[in-house]
Q: 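One structure follows; several queries about it will come next.
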Amino acid sequence: MSVRTRFAPSPTGLLHVGGARTALFNWIYARKNAGTFVLRIEDTDHTRNTEQAKEVILDGLHWLGLDWDEGPQKGGNHGPYYQSERGAIYEDYLSRLEKAGHLYEDNGAIRFRSPREKVVVEDEICGRIEFDLTNPGTHPDLTLRRPDGSWIFHFVSVVDDIEMKITHVIRGEDHLSNTPKHVELYKALGAVPPRFAHMPLILNRDGSKMSKRDEGAALGTYPEAGYAPEAVRNYLSLLGWSPKENREIISTEEVIALFNLDQVNRRNAAFDLDKCFWINGQYLLQMDLARYAELAMPFLEKAGISWPTWESLERVLTIVKPKVKLLKDLPEWVVCFFTEELTYDDAAVAKSLTGETAAERLRKLSDSYASLTSWDAASLEVSLKETAVKLGIKTGELVHPARVAVSGRGIGPGLYEMIEILGKERVLTRFGKGIAKAAGA
RNA sequence: CACCCUAUCGUCCAGUGGCCUAGGACACUCCCCUUUCACGGGAGUAACACGGGUUCGAAUCCCGUUAGGGUGGCCA
């Protein structure tokens, strides 16, 4: 039987990283086994359940690159994939339980009468667990339907997993304790329960539960901050699972190849945004320029930065790329290449571009650059160093004023590369402004 | 309160009875490289929760304690 996994989020208005990881592991497992990954939206009658909230989920999964084979926007043979549209199916399953005598009414709600037995769950991750459900006091009967006719999660989730022929239910450990009750439902419906795999939860660094407001909890903040989806996938797959051999940077393809449910940890993981940040930096560093530009484009456009030719943008991105670790910071690194209205960083100006000495040095550098016949990084470096020798000062004392004059900032890519790209005319103009600024200050 | 899961550096993982005076990565500190900031390289701080067993031998197996997490909803 071919593997079918599913991710079944409820639209709460955000896609939680924990949910994103659950989705990722389901997706990985399906891909590994050439199976089917189903997306089902658990939107049973909720007030918070808006169109926008559903989009957040879909957008998040799209961004992470977790394409589903069946579900919203995609269709499939086991739909509909919104629980709000599956009422007739639930009615049908409910009547089957009714006929078999498993149900009773309680204050208008419909409840399932537990057989009161011991139930064994063979979990792919947690192993064999025996639950004793014989005591109604500690394990009350499941409610399946409210008096107003709306459905309860436990019931519809089981029905859908049967109907959608889910073979592996991979979900958070918070569902483990209710699993034996689900198993009772499967049996009462004459269905074979799927394989279960309960994954450890993701907590905060301090071990507390991650709430919506905690930093990094909402997946939507990652694209905004300028993380690469492949980097976030990498980080998430390392939470509760390991490729062994002390590997950290690993492609999704390799994760799929190496992944196995029985190697998933049983211990809750703490979320560490620092590490995610580092991994992102590694990806950005090694990324080819085409992909980098693709990811960078929205941030540049949003900042109102425009570039004359793709070649010019490419040259700039090439030298700036190793410096930027979050794409949202990219505009401030590249803006000086594409504007004539330079904004100066006050601290950098105060440090390197203030006073007659700085002005005089820049003047000398400007003169030697003005007489330069070849405008390339190597020549620019030679020229600057010669000027420094003539002035009897260290290279850095020329470099810093020049950098601020040319870019407005105290930090940036290699100075000579910057100056080469900027071009002689603009550089000399900026030197002039810098000299005036330093002398006047 | 009951039941379930878990317990290795601050964090994520490696470790499935001897190879462990416990390894890698992030973070942190220091050094080197260097025109800045990064990157890179090197060094360092830092952990088997506790107590009993089992065994020639335990981070690894068993029991207990403690701690954390989860479930016990007519939330999902």
Side-chain angles (χ1 to χ4, degrees), chain A residues 8-12 19 42-46 48-49 83 106-111 121 123 125-127 129-133 135 137-140 142-154 156-157 171-181 198 200-209 235 238-249 265-279 281-282 284-286 320-325 333 348 351-352 381 384-385 388 394-404 407 409-416 418:
Chain A
S10 87
T12 56
E42 308 220 326
D43 59 347
T44 53
D45 86 329
H46 253 269
R48 59 190 176 188
N49 182 358
Q83 287 188 333
D106 176 22
N107 283 327
I110 309 293
R111 306 188 71 164
V121 174
D123 194 275
I125 294 171
C126 302
I129 307 166
E130 188 177 302
F131 294 87
D132 184 354
L133 304 190
N135 183 356
T138 54
H139 297 90
L142 237 31
T143 300
L144 308 190
R145 191 177 204 180
R146 302 186 189 85
D148 69 0
S150 57
W151 305 99
I152 303 296
F153 156 78
H154 300 290
V156 295
S157 172
R171 59 188 2 173
E173 197 215 74
D174 50 336
H175 291 293
L176 182 57
S177 293
N178 285 319
T179 301
K181 293 184 177 183
H198 288 93
L201 268 17
I202 298 179
L203 310 174
N204 284 316
R205 286 286 298 261
D206 64 3
S208 65
K209 196 175 176 177
Y235 174 69
L238 259 25
L239 241 34
W241 177 81
S242 167
K244 306 292 172 69
E245 298 173 331
N246 294 328
R247 302 183 60 186
E248 311 287 339
I249 303 299
N265 268 152
R266 303 169 68 169
R267 183 193 179 194
N268 289 163
F271 187 78
D272 184 3
L273 198 56
D274 281 341
K275 184 147 184 181
C276 188
F277 176 79
W278 174 78
I279 288 178
Q282 294 293 310
L284 258 26
L285 209 56
Q286 266 131 34
V320 158
K321 186 169 163 274
K323 305 288 175 178
V324 181
K325 298 175 104 176
W333 288 77
K351 195 176 175 190
S352 314
E381 178 169 3
L384 182 141
K385 285 184 172 164
K394 288 192 286 186
T395 313
E397 292 180 272
L398 222 37
V399 164
H400 300 305
R403 174 187 301 285
V404 180
S407 72
R409 308 214 306 161
I411 58 170
L415 178 69
Y416 312 115
M418 274 173 83

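Numbered from 1 within each chain, the chains take letters A, B, ... in sequence-line order. No experiment lies behind these values; they were computed from the predicted model shown. Keep in mind that the numbers below use all heavy atoms, side chains included, and drop hydrogens, waters and symmetry copies.
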Q: In this structure, how many angstroms lie between the C1' atom of B:A76 and the CG atom of A:Leu201, rounded?
A: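 Between C1' of B:A76 and CG of A:Leu201: 14 Å.
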Q: Using atom C1' of each nucleotide, how far apart are B:U16 and B:G68 to the nearest Å?
A: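 It works out to 24 Å between them.
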Q: Give me the atom names and distance for the closest heavy-atom approach of A:Gly410 to A:Val404.
A: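 Closest pair (atom of A:Gly410, atom of A:Val404, distance): CA-CG2, 4.3 Å.
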Q: Under 4.0 Å, counting only non-hydrogen atoms across every strand here, what does A:Lys244 touch: a base, just sugar-phosphate, or nothing?
A: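 Contact class for A:Lys244: sugar-phosphate only.
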Q: In whole angstrom, give the distance that lies between atom CG of A:Asn268 and atom C1' of B:U8.
A: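 Roughly 16 Å, once rounded to whole Å.
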Q: If I compare all heavy atoms of A:Lys321 with all of A:Leu285, which pair ends up nearest, and what's the gap?
A: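 The answer is NZ-O, 3.0 Å.
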Q: Among B:U35, B:C12, B:C4, which nucleotide has an atom closest to any side-chain atom of A:His400?
A: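 Among B:U35, B:C12, B:C4, the one nearest the side chain of A:His400 is B:U35.
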Q: What are the two closest heavy atoms between A:Ala270 and A:Asn204, and how far apart are they?
A: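 Minimum heavy-atom contact is CB-O, 3.4 Å.
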Q: Mind checking who B:G51 pairs with, Watson-Crick or G-U wobble, both distances under 3.5 Å?
A: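 Answer to the pairing question: B:C63, which forms a Watson-Crick or G-U pair with B:G51.
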Q: Run the ring-centre check on A:Tyr235 versus A:Phe271 and record whether the distance is less than 6.0 Å.
A: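 Yes, close enough.
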Q: Quick one: which of B:G10, B:C5, B:A14 gets closest to the side chain of A:Arg205?
A: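 Ranking B:G10, B:C5, B:A14 by closest atom to the A:Arg205 side chain puts B:G10 first.
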Q: As a test of reading the structure: which of B:C5, B:U36, B:U11 is closest to the side chain of A:Arg403, going by heavy atoms?
A: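 In terms of side-chain proximity for A:Arg403, the closest of B:C5, B:U36, B:U11 is B:U36.
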Q: C1' atom, B:C33 versus B:C39: distance in rounded Å?
A: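 Straight-line distance between the two C1' atoms is 11 Å.
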Q: P atom, B:G73 versus B:A22: distance in rounded Å?
A: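 Going atom to atom, P in each nucleotide, I get 48 Å.
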Q: Can you tell me the base-pairing partner of B:C1? Count Watson-Crick or G-U wobble geometry only, both distances below 3.5 Å, and say none if there is no partner.
A: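 B:C1 is paired with B:G72.
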Q: Using whole Å, report how far CG of A:Leu133 lies from P of B:G72.
A: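 About 13 Å, once rounded to whole Å.
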Q: Could you please name the option among B:G72, B:G69, B:C4 that lies closest to any side-chain atom of A:Pro140?
A: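 For the A:Pro140 side chain, the nearest candidate turns out to be B:G72.
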Q: If you compare all heavy atoms of A:Ser157 against all heavy atoms of A:Arg171, which two are closest, and at what distance to 0.1 Å?
A: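 Heavy atoms of A:Ser157 and A:Arg171 come nearest at OG-NH2, 4.5 Å.
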Q: Out of B:G69, B:U35, B:C9, which nucleotide sits closest to the side chain of A:Arg267?
A: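 Of the candidates, B:C9 comes closest.
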Q: Which nucleotides of nucleotides 40-50 of chain B have their base under 4.0 Å from a protein heavy atom (B), which only their sugar-phosphate (S), and which neither (-), written as one string 5' to 3'?
A: S----------
Q: At under 4.0 Å, does any side-chain N or O of A:Lys321 touch on OP1 or OP2 of B:A38?
A: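 For A:Lys321, the contact criterion (side-chain N or O under 4.0 Å from OP1 or OP2 of B:A38) is not met.
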Q: Return the value, rounded to whole Å, for the distance between atom CD of A:Glu245 and atom P of B:A25.
A: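 It is 15 Å, rounded to the nearest whole Å.
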Q: Expressed in whole Å, how much space separates the C1' atoms belonging to B:C50 and B:U66?
A: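 Approximately 7 Å lies between the C1' atom of B:C50 and that of B:U66.
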Q: Taking atom P in both B:U60 and B:U8, compute the distance separating them and give it to the nearest angstrom.
A: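 One P to the other, the span is 12 Å.
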Q: Restricting to non-hydrogen atoms, name the atom on A:Pro243 and the atom on A:Leu238 that form the minimum distance, rounded to 0.1 Å.
A: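 Taking every non-hydrogen atom into account, CD-CD1, 3.8 Å.
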Q: Output yes when at least one side-chain N/O atom of A:Lys181 is less than 4.0 Å from OP1 or OP2 of B:G72, else no.
A: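 No, A:Lys181 has no side-chain N/O under 4.0 Å of OP1/OP2 on B:G72.
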Q: To the side chain of A:His139, which of B:U35, B:C3, B:C26 is closest?
A: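 It is B:C3.
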Q: Between B:A27 and B:A47, how many Å separate the two C1' atoms, rounded to a whole number?
A: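 Comparing C1' positions in B:A27 and B:A47 gives a spacing of 16 Å.
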Q: Could you identify the nucleotide paired to B:U11, looking across every strand shown and requiring Watson-Crick or G-U wobble geometry with both distances under 3.5 Å?
A: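 Base-paired to B:A25.
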Q: Whether A:Asn178 contacts B:G72 is assessed here as follows: a side-chain N or O lying under 4.0 Å from the phosphate OP1 or OP2. Is that the case?
A: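 For B:G72, OP1/OP2 do have a side-chain N/O of A:Asn178 under 4.0 Å.
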Q: Between A:Val324 and A:Pro9, which is nearer to the 5' end of RNA chain B once each is assigned its nearest nucleotide?
A: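 Of the two residues, A:Val324 wins.
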Q: Looking only at heavy atoms, which two atoms of A:Arg403 and A:Leu415 are closest? And how far apart?
A: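 Heavy atoms of A:Arg403 and A:Leu415 come nearest at CA-CD1, 3.6 Å.
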Q: Within the pair A:Arg146 and B:A76, is there a side-chain N or O less than 4.0 Å away from OP1 or OP2?
A: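 Checking A:Arg146 against B:A76: at least one side-chain N or O falls below 4.0 Å of OP1 or OP2.
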Q: Would you call A:Phe153 and A:Gln83 a side-chain contact if the rule is heavy atoms closer than 4.5 Å?
A: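 A side-chain contact under 4.5 Å is absent here.
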Q: Given the C1' atoms of B:A2 and B:C26, what is the spacing between them in whole Å?
A: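 My reading of the C1' atoms in B:A2 and B:C26 gives 39 Å.
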Q: Roughly how far apart, to the nearest Å, are B:C37 and B:U29 at atom P?
A: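 Each nucleotide's P atom is 14 Å from the other's.
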Q: Around atom CD of A:Glu130, are there more than 12 heavy atoms of other residues, nucleotides or ligands at under 6.0 Å?
A: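 Yes, because the 6.0 Å sphere around CD of A:Glu130 holds more than 12 heavy atoms from other groups.
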Q: Expressed in angstrom and rounded to an integer, what is the separation of A:Leu415 atom CG from B:A38 atom P?
A: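 Taking CG of A:Leu415 and P of B:A38, I get 17 Å after rounding.
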Q: Could you pick out which residue, A:Pro147 or A:Lys209, lies toward the 5' side of RNA chain B when each is mapped onto its nearest nucleotide?
A: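 Its nearest nucleotide being more 5', the pick is A:Lys209.
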Q: In this structure, how many angstroms lie between the C1' atom of B:G24 and the CG atom of A:Asn246, rounded?
A: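 About 3 Å, once rounded to whole Å.
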Q: Report yes if a donor N or O on one partner sits less than 3.5 Å from an acceptor N or O on the other, where the partners are the side chain of A:Ser177 and the base of B:G70; otherwise report no.
A: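 Indeed, a donor on one side and an acceptor on the other fall under 3.5 Å apart.
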Q: With a 3.5 angstrom cut-off on both distances, give the Watson-Crick or G-U wobble partner of B:C20, or none if there isn't one.
A: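 Pairing partner: none.
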Q: Does A:Tyr416 reach the side chain of A:Val399, with side-chain heavy atoms less than 4.5 Å apart?
A: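 Touching, per the 4.5 Å side-chain cut-off.
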Q: For A:Ser150 and A:Arg146, does a side-chain donor sit closer than 3.5 Å to a side-chain acceptor?
A: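 Note: A:Ser150 and A:Arg146 side chains meet the donor-acceptor criterion.
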Q: Would you say A:Ser242 reaches B:C13's phosphate, i.e. side-chain N/O to OP1/OP2 under 4.0 Å?
A: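 It does not, given that no N or O in the side chain of A:Ser242 lies less than 4.0 Å from OP1 or OP2 of B:C13.
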Q: Searching all strands shown, indicate the nucleotide that pairs with B:C39 (Watson-Crick or G-U wobble; both distances under 3.5 Å).
A: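 In the structure as shown, B:C39 has no Watson-Crick or wobble partner.
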Q: Compare side-chain N and O positions of A:Thr44 against OP1 and OP2 of B:A76 and report whether any pair is under 4.0 Å apart.
A: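 Result: yes.
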Q: Give the rounded distance in Å between these two atoms: CD of A:Glu130 and C1' of B:C3.
A: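 My rounded result for the distance is 12 Å.
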Q: Kindly point out which of B:U35, B:U11, B:C26 is positioned nearest to the side chain of A:Lys275?
A: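 Output: B:C26.
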Q: When you measure from the side-chain N and O atoms of A:Asn107 to the phosphate of B:C74, is any distance below 4.0 Å, counting only OP1 and OP2?
A: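 Looking at the OP1 and OP2 atoms of B:C74, neither is under 4.0 Å from any side-chain N or O of A:Asn107.
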Q: Please state how far atom CG in A:Leu273 lies from atom C1' in B:A27, giving the value in whole angstrom units.
A: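 Those two atoms, CG and C1', are 12 Å apart.
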